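Some notes on the structure that comes next.
Remember, predicted model here, so these are calculated numbers, not experimental data. Along the sequence shown, residues are numbered consecutively beginning with 1. Side-chain atoms are counted along with the backbone in the values below, which use heavy atoms only and exclude waters and symmetry mates.
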Amino acid sequence: MPKITVNEKKIEFEEGLTVLQVCELAGAEIPRFCYHEKLSIAGNCRMCLVEIEKSPKPIASCAMPATDGMVVKTNTPFVEKARKGMMEFLLANHPLDCPVCDQGGECDLQDQSLYYGFDHSRFTENKRQVKEKYMGPLIKTEMTRCIHCTRCIRFATEVAGIPELGAIGRGEDMEITTYLEKSMDSELSANVIDLCPVGALTSKPYAFEARPWDLKKTESIDVMDAVGSNIRIDTYGWEVKRVLPKINEDINDEWISDKTRYACDGLLKQRLDTPYIRENGKLIQTSWTKALKKIVKKLNNTKPEEIAGIVGDLVDMESMFIFKEFFNKILTSSNLECRTKKTYLNPKNRMNYIFNSSINGIEQCDLMLLVGTNPRSEATILNARIRKTYVENDIEIFSIGNPGDLTYPYKIIGSNTQVLKEIIDEKHEISDKFKQSKKPIVIIGESALKNDYGEYVFESIKNYLIKNNHITNEWNALNILTQNASRVGAVDLGLYKLNKKDNFPILNKLDTNEFKILYLLGADELRFNKKNEFIIYQGSHGDLGAQIADVILPSPTYTEKDGHFINLEGRIQKAFKASYPPGDAKEDWDIINQLSKALGKTLNINSRKELEERLINSSSIHSKIGEIVKSKVDTNETQEFSFVNSKIEIDFVDYYFSNHIARSSMTMNECRSIKNKLLSTGTKG
């Protein structure tokens, strides 16, 4: 391996690294504003200057490739003078408004000016002033502070795939702007706030809310989709003020979606803080004792087979575990379901309902087929990983169904099951491509698994991949793109009911109103015509589930309790409590425990810690926190299916209104209104 000398210390490095990267390997700290590990090199700010032997001038280390035998110095008077000169230029037009800047306390410019800044300036000209730009409801601009690092431009173009940001003008008249001064049309747009090293781009909903040193920081997991992005929740008192990304190279890199970041204001709105019961058609406040007494009376007068439980999208593993225990042991009922739509499920093997190639594994693929899915709106961060793979590896991407703009090019090869049959029968142009591919990926969306054709789509693709040796212990090309944070965990726990003739017995019985009692655990997406059913809703928001309920039991959101979630690739992660639920709301396990005791029975679970231990001990999968437990590949497992000729239509996902927290968010409401306005006028923001 080549060697380089940094501050008289010899370091071995891999070819292709820059001088800046090698200096960091040697433990030398290099200041920078424009350089970022996930973006292309620009070399704009010149703060990373270093001294290289035999070079008469200081060198920008971010743009200089490291070569064998180089001698680099990062802490000489020569280097310090050069960096101080650059800092003087950067501060020449920067306003002195740190006390009112939201970036205060987290500002790279503040930190570096402490070491390299002067207490005076030699520039006597007036500071320039730049007109503010409109970038939508999420990004607040103070462009006079901009130092032209171009991080935001490179992120929008390279990562988000929306080349809507750019620079106009030259020299000190240069300005960063959206070309048409409209809202950025991306679900990743707010990541430019984290990237901005000064206070030019700050958070509009968070403006003047708090200072970073006033906030309590809790590392947790996002539940707005099934990706399981790692996040940091910042709270002031018990109120969630903001959500920021936590770096995890295997899942979300260092990005999060706008919904993950800004739906948090929905945690305050439309909250259920006390039990309700319905009397004479109206919901009235009541006590926990009266609410539980009414439920007990109904349960005692109803046969177990006439009681059903539905689990919602954002429910943690612990709550689902005790919910199942309650139904099986207390109510002696097996009528449990985690699906609110009729999407085909084959739970015989874990690989049948997870994203087997893994999110990180997408970068290894050489051919991709999307079947009935729009990953941009169903799993934004996963879509960004697909774009990254396309940009770096130039892979071919095909789609069955038309998902619209995915931020990368793809070819639509049809929109019905007939096309799929042609591929499987090796009568299609891409059949040969699959044979030649070493690591293909097939991503099946929930839209392709619905109704009558769902079984054919899944089973035929699975058999085809097994036949062509694309499902092995080394590489599994079969991937289900789940949309809900709780789905994989619910299937792992067995919260579903199937039989040989019917894949949706619970949902079909709901359609024919065969149940007398329906227990909704955070389920707000269920659509059915209510007749005489007695509905118990246990959840956090006064949303669609609460509107049809006869008894409402208030419980916390994902930020107000500890809980485990399994993401779409089968990785179990723990979310931690960052705040407290309002009013008289109780944790889900406590509510079910009290209800069991009111029925005169017990589940022998006396604390949340005990419940967590029971969950972890229930399966070897649950004890491996942060790991992907690979499914055992059984190539002999087959299921009978028949061809169903039908059109595969990709369901519209109302991205900003996809769950009850997002629907309660004023910020998401504003984003949705702007998006709909742009769609109706036929323009993009």
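- Separating the CD1 atom in Ile566 from the CD1 atom in Ile628 is a distance of 11.5 Å, to the nearest 0.5 Å.
- Without hydrogens or angle criteria, Lys217 side chain to Pro212 main chain gives a donor-acceptor distance under 3.5 Å.
- Counting only heavy atoms from C-beta outward, the side chains of Trp255 and Pro245 never approach each other to under 4.5 Å.
- In this structure, CH2 on Trp589 lies 6.0 Å from OG on Ser607, to the nearest 0.5 angstrom.
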* To do: Just do the side chain to side chain contact (heavy atoms under 4.5 Å, CB included) check on Thr667 and Tyr206 with the steps written out, would you?
  => CA-CA 11 Å; Thr667 308; Tyr206 176 69; over 6 Å; no
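- For the pair Ile441 and Cys365, the tightest heavy-atom approach, listed with the atom from each and the gap, is CD1-CB, 3.6 Å.
- Using modelled atom types, one side-chain atom of Asn479 and one backbone atom of Asn356 make a donor-acceptor pair closer than 3.5 Å.
- Judged purely by atom type and a 3.5 angstrom limit, Arg487 has no side-chain atom pairing as donor or acceptor with the backbone of Asp313.
- Residues satisfying the side chain to side chain contact (heavy atoms under 4.5 Å, CB included) criterion with Gln112, sequence neighbours excluded, are Pro31, Phe33, Met87, Tyr116.
- The closest side-chain donor-acceptor pair between Ser319 and Asp588 falls under 3.5 angstrom.
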* To do: Kindly determine whether Leu478 and Val442 satisfy side chain to side chain contact (heavy atoms under 4.5 Å, CB included), including the steps that lead there.
  => CA-CA 6 Å; Leu478 180 67; Val442 179; 5.7 Å; no
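- Once rounded to the nearest 0.5 Å, the distance linking CG of Asn248 with CD of Gln573 reads 6.5 Å.
- Between Asp524 and Asn659, the closest side-chain pair of non-hydrogen atoms is not below 4.5 Å.
- Listed for the Glu239 side chain is no donor-acceptor partner under 3.5 Å among the backbone atoms of Lys241.
- The number of heavy-atom neighbours closer than 6.0 Å to OH of Tyr408, taken from other residues, nucleotides and ligands shown, is above 12.
- Here the side chains of Ile625 and His564 are in contact, with some heavy-atom distance below 4.5 Å.
- Counting only distance, with no hydrogens or angles, the side chain of Ser357 and the backbone of Asn476 share a donor-acceptor pair below 3.5 Å.
- Looking at heavy atoms from C-beta onward, Phe355 lies out of side-chain contact with Thr482 at the 4.5 angstrom threshold.
- Under the 3.5 Å distance criterion, the side-chain polar atoms of Arg350 are left unmatched by any main-chain donor or acceptor of Ile354.
- Annotation for Thr602 and Ile330: closest pair O-CD1, 4.1 Å, computed over non-hydrogen atoms.
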* Walk me through it: do Lys675 and Glu187 pass the test side chain to side chain contact (heavy atoms under 4.5 Å, CB included)? => CA-CA 11 Å; Lys675 182 86 171 179; Glu187 297 77 18; 3.9 Å; yes
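- Judged purely by atom type and a 3.5 angstrom limit, Arg154 uses its side chain to pair as donor or acceptor with the backbone of Cys149.
- In this structure, Leu314 and His660 have side chains that are in contact, with non-hydrogen atoms separated by less than 4.5 Å.
- Atom CZ of Arg385 sits about 4.5 Å away from atom CG of Asp253, to the nearest 0.5 Å.
- Closest non-hydrogen pair, Ile162 versus Ser186, comes out as CD1-CB, 3.3 Å.
- Put simply, CD1 on Ile322 and CG on Leu615 are 11.0 Å apart, with the number rounded to the nearest 0.5 Å.
- By the 4.5 Å heavy-atom criterion applied to side chains, Met224 and Tyr655 are not counted as neighbours.
- Of all non-hydrogen atoms in Leu526 and Leu520, the two that sit nearest each other are CD2-CD2, 4.0 Å.
- Using modelled atom types, no side-chain atom of Asp222 and backbone atom of Thr260 make a donor-acceptor pair closer than 3.5 Å.
- Counted by atom type alone, Thr559 and Thr557 present one or more donor-acceptor pairs between their side chains at under 3.5 Å.
- Residues Gly105 and Gln110 share a closest heavy-atom pair of N-OE1, 3.1 Å.
- At least one side-chain heavy atom of Pro582 sits under 4.5 Å from a side-chain heavy atom of Glu560.
- No more than 12 heavy atoms of other residues, nucleotides or ligands shown are found within 6.0 angstrom of CD on Glu29.
- None of Lys246, Arg261, Arg242 except one satisfies the salt bridge (Lys or Arg N to Asp or Glu O under 4.0 Å) rule with Asp234; the exception is Arg242.
- The structure places CG of Leu611 at 5.5 Å from CD of Glu318, a figure rounded to the nearest 0.5 Å.
- Counting only N and O atoms by type, the side chains of Tyr262 and Ser203 include a donor and acceptor under 3.5 Å apart.
- Although no hydrogens or angles enter the test, the distance criterion places a donor-acceptor pair under 3.5 Å between the side chain of Lys204 and the main chain of Gly136.
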* Run the salt bridge (charged side-chain N to carboxylate O under 4.0 Å, His left out) check on Asp316 and Lys561 step by step: do they pass? -> CA-CA 9 Å; Asp316 59 284; Lys561 59 182 176 180; 2.8 Å; yes
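- With hydrogens and angles ignored, the 3.5 Å screen pairs no side-chain donor or acceptor of Asn349 with any backbone N or O of Asn352.
- Not less than 6.0 angstrom separates the ring centroid of Tyr537 from the ring centroid of Tyr276.
- The pair Glu525-Arg663 meets the salt-bridge criterion, since a charged nitrogen lies less than 4.0 angstrom from a carboxylate oxygen.
- Environment of NZ in Lys624: sparse, with no more than 12 heavy atoms of neighbouring residues, nucleotides or ligands closer than 6.0 Å.
- Relative ring orientation between Phe323 and Tyr519 is described as perpendicular, the plane-to-plane angle rising above 60° on a 0-90° scale split at 30° and 60°.
- Nearest heavy-atom pair across Gln483 and Glu446 is N-OE2, 3.1 Å.
- Within a 6.0 Å sphere centred on NZ of Lys38, other residues, nucleotides and ligands contribute more than 12 heavy atoms.
- Side-chain contact check for Leu553 versus Ile295: some heavy-atom pair is nearer than 4.5 Å.
- With respect to Lys450 and Asp651, a salt bridge is recorded, a charged nitrogen being found less than 4.0 Å from a carboxylate O.
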* Walk me through it: do Gln103 and Val198 pass the test side chain to side chain contact (heavy atoms under 4.5 Å, CB included)? => CA-CA 7 Å; Gln103 196 84 347; Val198 295; 5.8 Å; no
